[in-house]
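Here's the structure we're looking at; comments come further down.
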There are 2 protein chains.
Amino acid sequence: MTSTRALRSDAERTVHTILEAAERVLSRNPTASMEQIAEAAGVARTTVHRRFASRDALVAAMASWATRRFAEAVNAAHPETTPPLIALYQVTVNVLRVKIDWSFAMNLALTADREAAHVHADIEGRCERLFAKAREAGVLRADVDPAWARRVYYALIHEAAQSRDADADALAARLVDTLLRGVGTGQSLT
Amino acid sequence: MTSTRALRSDAERTVHTILEAAERVLSRNPTASMEQIAEAAGVARTTVHRRFASRDALVAAMASWATRRFAEAVNAAHPETTPPLIALYQVTVNVLRVKIDWSFAMNLALTADREAAHVHADIEGRCERLFAKAREAGVLRADVDPAWARRVYYALIHEAAQSRDADADALAARLVDTLLRGVGTGQSLT
DNA sequence: ATAACCTGCGACATCAATGATGCAACTATC
DNA sequence: GATAGTTGCATCATTGATGTCGCAGGTTAT
């Protein structure tokens, strides 16, 4: 039993290495071949096919993995029981940490996997509830369409996650500040 | 000469039809085949190959076309000679009109074509000069990193352009409002 | 009617990516 | 040292996308 566990652990380590390499390669070039992914992972192409029956299976595994990490990131912030502003910041930090390393896989989850899509839809709902609570608490403007606010939030997270070498805390602070106050001094067109 | 002009006009109409179809198809599925693009354009696959020597050539033509429209959109707003706030709004409206229909091709231009990349870099420079002027005019906060402000602006344009069926004027007004004032009521973390 | 031009269709060659398989070699466990 | 599990390598078949060509038919202007 000990041997089995050790050996399976080896295989799982390989799987993880491949997933990381796939994220790195596919984020730069979504049409990259299995060969290129294998090379980036430092393994033979046949090994990739041994671990993932097909290209779709590999992509699905990436979506599943990233979605799990995504859900964990949101849960860890306890957005339902924490004051809205704190929760917003905490969710942002946690999600950014994941998305900086799994940006491609997270975007993938929206379309590819049906189970992953369900989780994303669930999180979207929780996000909207958080925004609704923030609105009631007077943190968010009442004259802003909640759906638009959420889209802006997602867009900012996507943009911030492109900064690969930056500190997640600093990114999150700047992101939330921009989301709430914008980049202007106050005057507007309306 | 008259006949030649009429016939060439036919060919150019076909080219334009193919470009539009390619934008529609590739924006949904970037790995779609020439066959699918031809089908969407209502022409035979061989006709596509007659007009565009290769897939890369088609993609480059899309990038070139979208880049031209993009530059026109920016120029039409005269961002150098118009008051910053007005220019910001006008540029936003014009660019949104183009980007709603050519989102895929415009993203493409950043990497594919070297000439298109040059135009994009040029426009990015003009955008940063506009932001600098806005900052001096007191429209933009002085404590916000200009590069970050530009990235936020681009991200918002990208997000707003996803609303396919909306009015560009309304989108632009909401976009600029959000960019300048954010979605919050005033209090922040810092 | 004629000529120029364009298109659709069918056929063909090519090529790269995918996926499967057998075998030898390596490593860790017992 | 024997064993089980894993990997690398070489190899092969398959498939789908790409690109080319020739021909027949249709349109438009002269």
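In the text below, chain A, chain B and the rest are named by the order of the sequence lines, each starting its count at 1.
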List, one per line, each side-chain donor-acceptor pair under 3.5 Å for residues 41-52 of chain B, sequence neighbours excluded.
| residue | atom | partner | partner atom | Å |
| --- | --- | --- | --- | --- |
| B:H49 | ND1 | B:R45 | O | 3.4 |

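- Scanning for salt bridge (charged side-chain N to carboxylate O under 4.0 Å, His left out) contacts around A:E115 gives an empty result, with sequence neighbours left out.
- Within residues 15-29 of chain A, no residue has any heavy atom under 4.0 Å from DNA chain D.
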Would you give me the side-chain donor-acceptor pairs under 3.5 Å for residues 137-145 of chain A, sequence neighbours excluded?
| residue | atom | partner | partner atom | Å |
| --- | --- | --- | --- | --- |
| A:R141 | NE | A:D143 | OD1 | 3.1 |
| A:R141 | NH1 | B:D177 | OD2 | 3.3 |
| A:R141 | NH1 | B:G182 | O | 2.9 |
| A:R141 | NH2 | A:D143 | OD2 | 3.1 |
| A:R141 | NH2 | B:D177 | OD2 | 3.1 |
| A:D145 | OD1 | A:A147 | N | 3.4 |

Might you list the N or O atoms of the protein lying below 3.5 Å from N or O atoms in nucleotides 17-20 of chain D, with each pair's distance?
| residue | atom | partner | partner atom | Å |
| --- | --- | --- | --- | --- |
| D:dT18 | OP1 | B:R55 | NE | 2.5 |
| D:dT18 | OP2 | B:M34 | N | 2.9 |
| D:dG19 | OP2 | B:H49 | NE2 | 3.4 |
| D:dG19 | OP2 | B:R55 | N | 2.9 |
| D:dG19 | N7 | B:R45 | NH1 | 3.0 |
| D:dG19 | O6 | B:R45 | NH2 | 3.1 |

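- A side-chain donor from one of A:T31 and A:N29 sits under 3.5 Å from a side-chain acceptor of the other.
- Annotation: cation-pi geometry not satisfied between A:R135 and A:F131 (NZ/CZ under 6.0 angstrom from ring centroid, within 45° of ring axis).
- One distance of note links CD of B:Q90 with OG1 of B:T82; it measures 8.0 Å at 0.5 Å rounding.
- Side-chain N/O atoms of B:T14 include one lying less than 4.0 angstrom from OP1 or OP2 on C:dT7.
- C:dC6 atom P lies 10 Å from atom CD of B:E12, rounded to whole Å.
- Defined by atom type and a distance below 3.5 Å, a donor-acceptor pair is present between the side-chain atoms of A:N75 and A:R126.
- The base of D:dG8 sits within donor-acceptor range of the side chain of A:R50, with an N or O pair under 3.5 Å.
- Under the side-chain contact (heavy atoms from CB on, under 4.5 Å) criterion, B:E20 pairs with B:H16, B:R24, B:W102, sequence neighbours left out.
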